[in-house]
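Report on the structure given below.
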Protein chains: 2
Amino acid sequence: MAKKRDERSIAIGRVLDDLRRVFQVVHGYSKRAERVGGLTGPQLWAMKVLAEGSPVRVSDLAQRMYLHPSTVVGILDRLESRGLATRTRSTEDRRVVTVSLTEEGRLLVSKTPQVAQGLLLTGLKDLPTEELHTVRTGLSLLVGILGARDLPPRLLFSYEVNAPAPEPRPHAIRRTAKDR
Amino acid sequence: MAKKRDERSIAIGRVLDDLRRVFQVVHGYSKRAERVGGLTGPQLWAMKVLAEGSPVRVSDLAQRMYLHPSTVVGILDRLESRGLATRTRSTEDRRVVTVSLTEEGRLLVSKTPQVAQGLLLTGLKDLPTEELHTVRTGLSLLVGILGARDLPPRLLFSYEVNAPAPEPRPHAIRRTAKDR
DNA sequence: TCTATATATTTGCGATACAAAATGTTTGTA
DNA sequence: TACAAACATTTTGTATCGCAAATATATAGA
């Protein structure tokens with residue numbers, strides 16, 4: 001009786017562990033590999049979005065990246081200064097600015113390895129059909145659990161770091177330890 | 001003949017899409033929810049590691065977080081200034097500093113929701129045993145593909161953003177568009 | 001003792017990330 | 001037309017994060 005319960009608990013634990021492993025690997029690769037071209041994660045991410053369909057308005061880009069427009073502006077500054085993207089002010093509505101990849105940018109993004117994705121792709125290709133199906137079904141169930149069925153599949157990954165500083169700021173004591 | 005090939009391609013695409021969805025959801029929750037206590041991702045992450053087994057030496061903490069020691073110092077500064085962690089210099093070897101959670105810190109970390117994880121947990125619990133097994137097997141296969149079998153399952157998530165600046169710095173052109 | 005190594009911190013720099021304010025544009029309305 | 005409101009983007013200011021290199025202190029070894 002209790003046995004079945006234990007087995008399930010163990011299985012659940014394994015699922016979570018494996019999920020963490022997947023996260024870790026993918027993140028690790030994104031860390032080391034995506035910067036082949038000297039691009040940071042968000043920069044490459046923006047370029048991938050642009051590669052999907054430029055030109056894009058700045059606000060649209062921000063929305064697709066789930067980032068604040070002002071954040072995107074900074075990223076675009078860096079991409080533009082490297083000649084990977086260009087901004088053009090619309091002539092119809094001079095408020096909007098559309099962004100596109102340059103030829104160089106398009107080239108760079110196309111040959112960026114995406115190690116994790118590549119690994120997955122070839123790995124999945126080599127998988128026996130039945131196991132592939134298992135993977136597919138399993139992940140689909142996970143997506144269902146997370147209620148993410150309707151989400152547009154975002155590019156492999158997002159990044160974020162910041163906090164909104166809910167408190168009025170604790171005044172940032174600098175350097176505390178340092179006994180004696 | 002070609003049919004089978006197509007089906008496989010589609011299945012592979014679905015797997016990648018679903019994986020992206022999982023990433024997105026988990027990340028989204030981590031973004032919005034983990035900051036319940038006003039903690040950033042890395043801060044909460046450090047606290048989780050500390051909760052697993054303090055006291056920990058600073059260098060060990062850095063290693064477990066896959067971060068540079070100097071980065072951890074900053075995070076600890078902020079945690080300490082909020083009274084969530086404490087640093088103590090060892091008496092045996094006065095070079096080392098050990099870190100622990102304060103009572104308040106322990107409390108906070110224990111009641112931090114971990115929305116995504118909670119969702120997964122309850123969702124998986126409600127899953128029929130057979131489907132749970134499918135999820136488990138599928139993820140296990142993925143882990144195998146990624147060669148992550150031997151990784152210690154890291155806490156649900158890591159964060160990182162930065163690049164090492166491979167070039168001697170492109171001199172940062174500020175503000176370029178702005179035609180006219 | 002003198003030197004090398006180890007541990008943590010400081011310093012310097014770049015990049016995210018957000019909010020609020022500023023700038024320039026367009027649209028609606030009196 | 002004149003003016004106000006709404007919009008899109010950028011600027012400004014602040015807070016992290018993240019790393020490398022330099023520092024300070026402590027330990028270990030020759």
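Order of the sequence lines sets the chain letters (A, B, ...), proteins ahead of strands, with each chain counted from 1. Keep in mind that the numbers below use all heavy atoms, side chains included, and drop hydrogens, waters and symmetry copies.
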State which of D:dT10, D:dG18, C:dA8 makes the closest approach to the side chain of B:P42. D:dG18

Please state how far atom CG in B:L76 lies from atom P in D:dT16, giving the value in whole angstrom units. 14 Å

Please tell me if B:T40 has a side-chain N or O lying less than 4.0 Å from either OP1 or OP2 of D:dC17. yes

I need the CG-C1' distance between A:L79 and C:dG14, as an integer number of Å. 15 Å

Tested for side-chain contact (heavy atoms from CB on, under 4.5 Å) against A:L44, the lone hit among A:L39, A:L84, A:L79 is A:L39

Over how many whole Å does the gap from A:Q43 atom CD to C:dA17 atom C1' extend? 14 Å

Atom CZ of A:R14 with >12 non-hydrogen neighbours under 6.0 angstrom: no

Electrostatic pair B:R82:B:D77 at N-O distance under 4.0 angstrom: no

Side-chain N or O of A:R87 less than 4.0 angstrom from OP1 or OP2 on D:dT9? no

How long is the line joining CG of B:D77 and P of D:dC17, in whole Å? 10 Å

Judged by each residue's nearest nucleotide on DNA chain C, which is more toward the 5′ side, A:I75 or B:D60? B:D60

When rounded to whole Å, the CD to C1' distance for the pair B:Q63 and C:dT7 reads 13 Å

Output the rounded distance in Å from CE (B:M65) to P (D:dT16). 15 Å

Return yes if a side-chain donor-acceptor contact under 3.5 Å exists between B:R8 and A:T129, otherwise no. yes

Return a single string for nucleotides 20-27 of chain D, one symbol per nucleotide in 5' to 3' order, where B is base contact, S is sugar-phosphate-only contact and - is none, cutoff 4.0 angstrom on heavy atoms. B-----BS

Side chain of A:L67, heavy atoms from C-beta onward: which of D:dT9, C:dT7, C:dA17 has the nearest atom to it? C:dA17

Approximate separation, where rounding is to 0.5 Å, of B:K48 NZ and B:M65 CE: 12.5 Å

Rounded at 0.5 Å granularity, tell me how far CG in B:L76 sits from CD in B:Q43. 10.0 Å

A:R87 (side chain) donor-acceptor with A:V99 (main chain) under 3.5 angstrom: no

How many Å lie between CZ on B:R57 and P on C:dT9, as a whole number? 12 Å

